[in-house]
2 protein chains.
Amino acid sequence: MKEVLPVFNSAVSIDCVLFGFDAGELKILLIERNEEPYKDWWALPGNLVGEEESVDQSASRILHELTGLSNIYMEQYYTFGEVKRHPQGRVITVAYYAMLRLGGDKALKPVSNYAKRAQWVNIKELPKLAFDHQYIFDKGLEKIKRRIKHLPIAFELLPEKFTLTQVQNVYELILGKKLDKRNFRKKILSFGVLKELNEKQKGVSFRAATLYKFDKRKYAKLFGKEISF
Amino acid sequence: MKEVLPVFNSAVSIDCVLFGFDAGELKILLIERNEEPYKDWWALPGNLVGEEESVDQSASRILHELTGLSNIYMEQYYTFGEVKRHPQGRVITVAYYAMLRLGGDKALKPVSNYAKRAQWVNIKELPKLAFDHQYIFDKGLEKIKRRIKHLPIAFELLPEKFTLTQVQNVYELILGKKLDKRNFRKKILSFGVLKELNEKQKGVSFRAATLYKFDKRKYAKLFGKEISF
DNA sequence: AATATAGTGTGTATTTTTTACACTAAGTAA
DNA sequence: TTACTTAGTGTAAAAAATACACACTATATT
């Protein structure tokens, strides 16, 4: 089949902005490159799209290779196609983001050979990034800001059981501003996707907060409805 | 440079959903293909991305080739990357939409050779489309539905001078539902981007409506703010 | 000249949503 | 027992969204 259509015009890659919430900070996963160009620079995890995989599959594969995680919801948000964005040739890149629960257990799996190592980095302390990755990240952050106002995606960053204060922290980190506690709670509970548990936070040296769980069934029904913060 | 990176993994194309409003109907521009595959089928206008143009430039070029129009705001909304979407090989396509003023004067320019002809078609009466173009269109329509609730992009479809009823018609066609006249007017005027003119509609056999103009300066300031319908 | 027709243009009351704002309760640690 | 720290709660005011109906005006028709 390729005989008919082989106008080589570009390679296609995927880049992923993987958000994680840890120790009260919003972080993304960066890799330290082990190859030219930009050897030794930090970059968003990414790779070329395989010939036998869709772009969505490619994004999942990259996530899996880096973290060992599967079945994570990833959302494509933009395709970056400037001619000169890659110094060694034409590469158009499709950007995805995902929100990950960083359980202490889920350490990163061995990263593939194109990277020396991978590391979670606070989004407020990002190093200089390779290629146009800073720009790709900026657009991704904008995207989830808009997104979190309409859908409660923030829960995907939290452990299975969480306190309302934790949820509020995530919102504040993503939106970059303080929210009123009472109004926030009213609103977030009004979505009807949180289940209060008969359980309290443990190991804190002050009054323990009630734990909540995220009700995936009800959450699914929310898609399509619009909600705002 | 290409020596280093020539992993051919896909061709990249652009497909455009060009919306126009004409004779009270919401239409898109379709072309009738003159080449295999899907010869003689209707399809969204599209083409391969050139090696020396960004994907945005490519979208503008395609629009220009088809309509002779330049300087139209086009928005990229999704990239479709299923492996089998093109029967003759791997082609990943980046989809854009634009809203066009269909002045009677602006007839379509000669279409490029890959199409026999181009035609505006009511979105409610689309023929069977080539490739996955029906799906690409569906996603585009969803996108502008969401978009029009937050930004008054509908004006881009209207002639320079228009009546409030025309604006309402566009909204109703895009959203696919009736809106209350009084509430609609209140809302649309509250955006502060419409200038009332000292002029009335002409050539109608009933009470003539007041004409309005769209204030681009104020419109620009709206970006960033959120507004809803 | 009178009338029919078809779309224009307008206001108010009700409900819902958003915002602003401050204190008491509970648990831990000293 | 006291001091400390975070959890948890309600209400009033303002703003936004909704529901709803009739008179006006320009033309065409008789």
Side-chain angles (χ1 to χ4, degrees), chain A residues 23-24 145-146 148-152 158-159 161-173 175-213 222 225-229, chain B residues 21 23-25 145-146 148-152 158-159 161-173 175-213 222 225-229:
Chain A
K145 272 190 196 181
R146 262 174 279 131
I148 205 176
K149 287 185 190 176
H150 297 293
L151 287 170
L158 292 169
K161 298 171 182 181
F162 49 80
T163 69
L164 294 183
T165 302
Q166 285 177 299
V167 183
Q168 187 173 345
N169 287 341
V170 170
Y171 271 81
E172 291 179 345
L173 284 169
L175 296 177
K177 67 179 183 193
K178 288 276 166 214
L179 301 172
D180 177 82
K181 183 159 61 161
R182 278 173 292 191
N183 293 338
F184 179 82
R185 287 174 177 228
K186 223 181 304 174
K187 184 87 188 195
I188 204 88
L189 291 173
S190 78
F191 289 175
V193 296
L194 294 189
K195 254 204 299 256
E196 186 172 349
L197 300 175
N198 271 330
E199 237 179 301
K200 299 270 170 182
Q201 215 177 5
K202 272 177 189 152
V204 287
S205 67
F206 45 80
R207 176 178 180 181
T210 301
L211 291 171
Y212 286 77
K213 222 173 108 175
L222 272 184
K225 288 188 202 171
E226 293 239 339
I227 277 175
S228 309
F229 256 86
Chain B
F21 177 64
E25 295 179 345
K145 271 190 197 180
R146 261 174 281 132
I148 206 177
K149 287 185 189 173
H150 298 293
L151 287 171
L158 292 168
K161 297 172 181 181
F162 48 81
T163 69
L164 293 183
T165 301
Q166 285 177 300
V167 183
Q168 188 173 343
N169 286 341
V170 170
Y171 271 81
E172 290 179 345
L173 284 169
L175 296 176
K177 66 178 184 194
K178 289 273 165 220
L179 300 172
D180 177 83
K181 183 158 63 160
R182 277 174 291 192
N183 293 338
F184 179 81
R185 287 174 177 230
K186 221 182 304 174
K187 185 84 185 196
I188 205 85
L189 290 173
S190 79
F191 288 176
V193 296
L194 295 189
K195 253 204 296 257
E196 187 173 349
L197 300 176
N198 272 330
E199 234 178 305
K200 299 269 170 184
Q201 215 177 7
K202 274 178 188 149
V204 287
S205 69
F206 44 79
R207 176 180 181 180
T210 302
L211 291 171
Y212 285 78
K213 221 174 109 177
L222 272 182
K225 287 187 201 173
E226 294 238 338
I227 277 177
S228 307
F229 256 84

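All chains are named by letter (A, B, ...) in the order of the sequence lines, taking the proteins before the strands, and each is independently numbered beginning at 1.
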Whole-Å distance between dG8(D) C1' and Asp180(A) CG?
-> 13 Å
Rounded to whole angstrom units, what separation is found between the CG atom of Asn183(B) and the P atom of dA13(C)?
-> 15 Å
Side-chain heavy atoms of Tyr212(B) within contact of Val167(B), under 4.5 Å = no
Between Thr210(A) and Lys181(B), who's closer to the 5' end of DNA chain D by nearest nucleotide?
-> Thr210(A)
Test side-chain contact (heavy atoms from CB on, under 4.5 Å) on Leu189(A) and Glu196(A) and set out the steps.
-> CA-CA 10 Å; Leu189(A) 291 173; Glu196(A) 186 172 349; over 6 Å; no
Can you check the Leu194(A) CG to dG8(D) P distance for me, whole Å?
-> 13 Å
Counting only side-chain N and O atoms of Arg182(A), is one of them less than 4.0 Å from OP1 or OP2 of dG8(D)?
-> no
Find the distance Gln168(B):CD to dG9(C):C1' and express it as a whole number of Å.
-> 12 Å
Give the rounded distance in Å between these two atoms: CD of Gln201(B) and P of dT8(C).
-> 7 Å
With a 3.5 Å cut-off and just heavy-atom distances, do the side chain of Lys186(A) and the base of dT19(C) make a donor-acceptor pair?
-> yes
Kindly indicate whether the side chain of Phe162(A), heavy atoms from C-beta on, has any atom under 4.5 Å from the side chain of Leu194(A).
-> yes
Between the base of dT8(C) and the side chain of Arg207(B), is there any donor-acceptor pair under 3.5 Å?
-> yes
Answer yes or no: is there a side-chain heavy-atom contact under 4.5 Å between Gln168(A) and Ile188(A)?
-> no
Decide yes or no on side-chain contact (heavy atoms from CB on, under 4.5 Å) for Thr163(B) and Leu211(B), but give the supporting numbers first.
-> CA-CA 5 Å; Thr163(B) 69; Leu211(B) 291 171; 3.8 Å; yes
Base, sugar-phosphate, or nothing for Thr163(B), non-hydrogen atoms under 4.0 angstrom?
-> nothing
Would you mind reading off the distance between Arg185(B) atom CZ and dA17(D) atom C1', rounded to a whole angstrom?
-> 18 Å
Could you give the NZ-to-C1' distance, from Lys177(B) to dA17(D), as a whole number of Å?
-> 12 Å
Write down the distance between NZ (Lys200(A)) and P (dT28(C)), rounded to a whole number of angstrom.
-> 11 Å
N/O (side chain, Ser205(A)) to phosphate O (OP1/OP2, dA29(C)) under 4.0 Å | no
Nearest-nucleotide check on DNA chain C, Tyr212(B) vs Ala208(A); residue mapping nearer the 5' end is Tyr212(B)
